[in-house]
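Atoms considered below: every heavy atom in the structure, side chains included; atoms not considered: hydrogens, waters and symmetry mates. Naming convention: chains lettered A, B, ... in sequence-line order (proteins, then strands); numbering from 1 in each chain.
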2 protein chains.
Amino acid sequence: MGSKERIARLKEETRINILDASLDIVKDEGWQSLSMRKIADKIEYTAPIIYEYFANKEGILLELTRKGYILLTASVRKAMNGLSEPAAQLEAMWIAYWDFAFENRELYQLMFGVDMNCCELKKIMPEAEVSNQLYFEIIKEVMEDEDPPEDLICRKYYTFWSVIHGLISINMVNKGRGMEMNEQILKDAIKGIIKYIND
Amino acid sequence: MGSKERIARLKEETRINILDASLDIVKDEGWQSLSMRKIADKIEYTAPIIYEYFANKEGILLELTRKGYILLTASVRKAMNGLSEPAAQLEAMWIAYWDFAFENRELYQLMFGVDMNCCELKKIMPEAEVSNQLYFEIIKEVMEDEDPPEDLICRKYYTFWSVIHGLISINMVNKGRGMEMNEQILKDAIKGIIKYIND
DNA sequence: GTAAATAATCTAACACCGTTAAGCAAATGT
DNA sequence: ACATTTGCTTAACGGTGTTAGATTATTTAC
């Protein structure tokens with residue numbers, strides 16, 4: 001009675017089909033327009049059978065997130081194992097992380113919640129750029145280099161923003177669960193970047 | 001006939017009421033469950049009248065985003081004007097940014113798309129922590145300090161992650177529109193942080 | 001081989017969503 | 001007093017995630 005296994009294999013296959021179909025839809029039309037009925041269409045079933053494979057839509061997203069983490073970990077590990085000197089390893093690992101994000105854009109968005117709304121938003125929202133200019137001014141003054149080029153300031157600003165925004169994200173996501181950042185740590189980070197700016 | 005103005009003032013008032021009600025709902029139940037009908041309920045109207053004040057739901061979010069940016073800019077500017085020494089100014093400005101994010105959590109999420117999904121997600125997803133440990137190992141090796149405390153490594157990791165994640169976010173959001181980050185810039189940033197790590 | 005039981009799948013429906021059109025009722029202009 | 005505009009509501013459309021019930025196909029038992 002090996003048909004049990006064959007059936008189990010088939011079930012596993014449509015489970016994977018659901019995940020693949022979902023990712024395909026998202027790649028074509030974005031997370032916003034992923035719906036159970038569209039998934040069902042793509043795998044040539046009707047919507048309710050999806051619930052035989054996943055508890056609900058969130059379950060699908062969860063599984064894709066897991067898939068993302070596994071892929072990411074594999075990439076990072078591979079980069080690590082390819083070298084032996086720690087500093088070089090660390091660099092390669094972060095580059096692997098970076099590459100993963102852009103090779104698996106949709107998964108990365110799902111895993112870390114990068115909202116793409118802002119994309120066209122900034123064009124019609126001048127207010128979004130006002131505060132930037134304040135930072136630009138002051139960064140320019142902090143830089144020891146006299147009259148630094150615009151794009152260098154820009155890069156410094158983005159480095160700053162990255163750190164602060166990243167720290168905020170962590171604190172919001174990990175809220176309550178250990179690892180709370182206090183103001184001292186924030187100040188340390190800022191001082192560190194200011195020092196880094198003038199290298 | 002000054003009643004024209006009175007009416008205009010009333011209209012402006014319910015416009016503000018809509019925005020306030022929206023933010024209230026979001027503070028109570030999150031962005032996910034903000035709906036036109038709920039807003040209408042809260043301002044004691046029916047859903048369609050909202051469309052007399054905003055083109056659609058996105059219009060409301062857009063206005064709240066604008067409000068966020070104006071508030072943020074005011075905070076940052078105030079911090080800036082309170083000091084005169086550039087480095088101190090810069091620090092105060094980023095602290096103001098930080099404070100804004102946590103005093104206006106919901107607005108910050110809207111402005112920069114911090115997805116709160118992950119919050120409870122990480123508890124049921126051990127895969128999400130595997131790659132962290134790889135980084136922990138290597139960061140430990142890179143640090144010159146022999147046998148550094150766990151939470152210091154953690155902090156260094158988060159600094160790294162913040163920069164990389166921030167840079168990725170910028171590149172995803174600003175995709176196509178100038179300011180593209182190439183690998184060289186990424187590598188520079190990584191080298192910079194490695195140097196910063198050992199201070 | 002036929003009947004019963006089980007599994008696989010679909011249809012229909014529920015409650016909600018954003019949004020629009022039609023209609024009513026009160027206030028306004030003439 | 002009548003006509004017109006305004007403010008607001010009800011009803012509906014097409015969409016969403018999800019569930020229950022009916023239907024069909026497959027397997028099992030005799």
>> Rounded to whole Å, please give me the gap between CD in A:E58 and P in D:dT16.
In response: 18 Å
> Would you call A:L19 and A:S22 a side-chain contact if the rule is heavy atoms closer than 4.5 Å?
Replying inline: no
> Does any non-hydrogen side-chain atom of B:E63 lie less than 4.5 Å from one of B:I18?
Replying inline: no
> Which side-chain hydrogen bond (donor to acceptor under 3.5 Å, both in side chains) pairs, counting each pair once, include a residue from residues 83-93 of chain A, with sequence neighbours left out?
Replying inline: A:E91-B:K191
>> In this structure, how many angstroms lie between the P atom of D:dG15 and the CD atom of A:E29, rounded?
In response: 13 Å
>> Need to verify one output field. Residue with the more 5' nearest nucleotide on DNA chain C, A:E44 or B:A55?
In response: A:E44
> How would you list, by chain and number, every residue that makes a side-chain contact (heavy atoms from CB on, under 4.5 Å) with A:S75, sequence neighbours excluded?
Replying inline: none
> What nucleic acid atoms does B:L34 come within less than 4.0 Å of, heavy atoms only: base, sugar-phosphate, or nothing?
Replying inline: sugar-phosphate
Result block: side-chain N/O donor-acceptor pairs under 3.5 angstrom for residues 38-48 of chain A, not counting sequence neighbours:
from: A:K38; atom 1: NZ; to: A:E29; atom 2: OE1; distance (Å): 3.0
from: A:K38; atom 1: NZ; to: A:S33; atom 2: O; distance (Å): 3.0

> Can you tell me how far P of C:dG18 sits from CD1 of B:I18, to the nearest Å?
Replying inline: 13 Å
> Separation of A:E52 atom CD from C:dA8 atom C1', in whole Å?
Replying inline: 7 Å
> Taking only residues two or more places apart in sequence or in another chain, which ones pass side-chain contact (heavy atoms from CB on, under 4.5 Å) with B:D20?
Replying inline: B:I16, B:K67
>> Between P on C:dT9 and NZ on A:K11, what's the gap in Å once rounded to a whole number?
In response: 9 Å
>> By the 4.0 Å heavy-atom rule, please label A:I60 as base, sugar-phosphate, or nothing.
In response: nothing
> Does A:S35 have any side-chain hydrogen bond (donor to acceptor under 3.5 Å, both in side chains) partners at least two apart in sequence or in another chain, and if so, which?
Replying inline: none
> What's the CD1-P distance between B:I50 and C:dG18, to the nearest Å?
Replying inline: 9 Å
Are any protein N/O atoms closer than 3.5 Å to N/O atoms in nucleotides 10-13 of chain D? If there are, list each pair with its distance.
from: D:dA12; atom 1: N6; to: B:R37; atom 2: NH2; distance (Å): 3.4

>> Can you measure B:I49 atom CD1 to C:dT20 atom C1' for me and round it to whole angstrom units?
In response: 15 Å
> For the pair made of CE in B:M36 and C1' in C:dC17, what is the distance, rounded to whole Å?
Replying inline: 11 Å
>> Quick check for you: among C:dC10, D:dC8, D:dT16, whose closest atom lies nearest to any side-chain atom of A:K38?
In response: D:dT16
>> Classify B:Y45 by what it touches in the nucleic acid, base, sugar-phosphate, or nothing, heavy-atom distance under 4.0 Å.
In response: sugar-phosphate
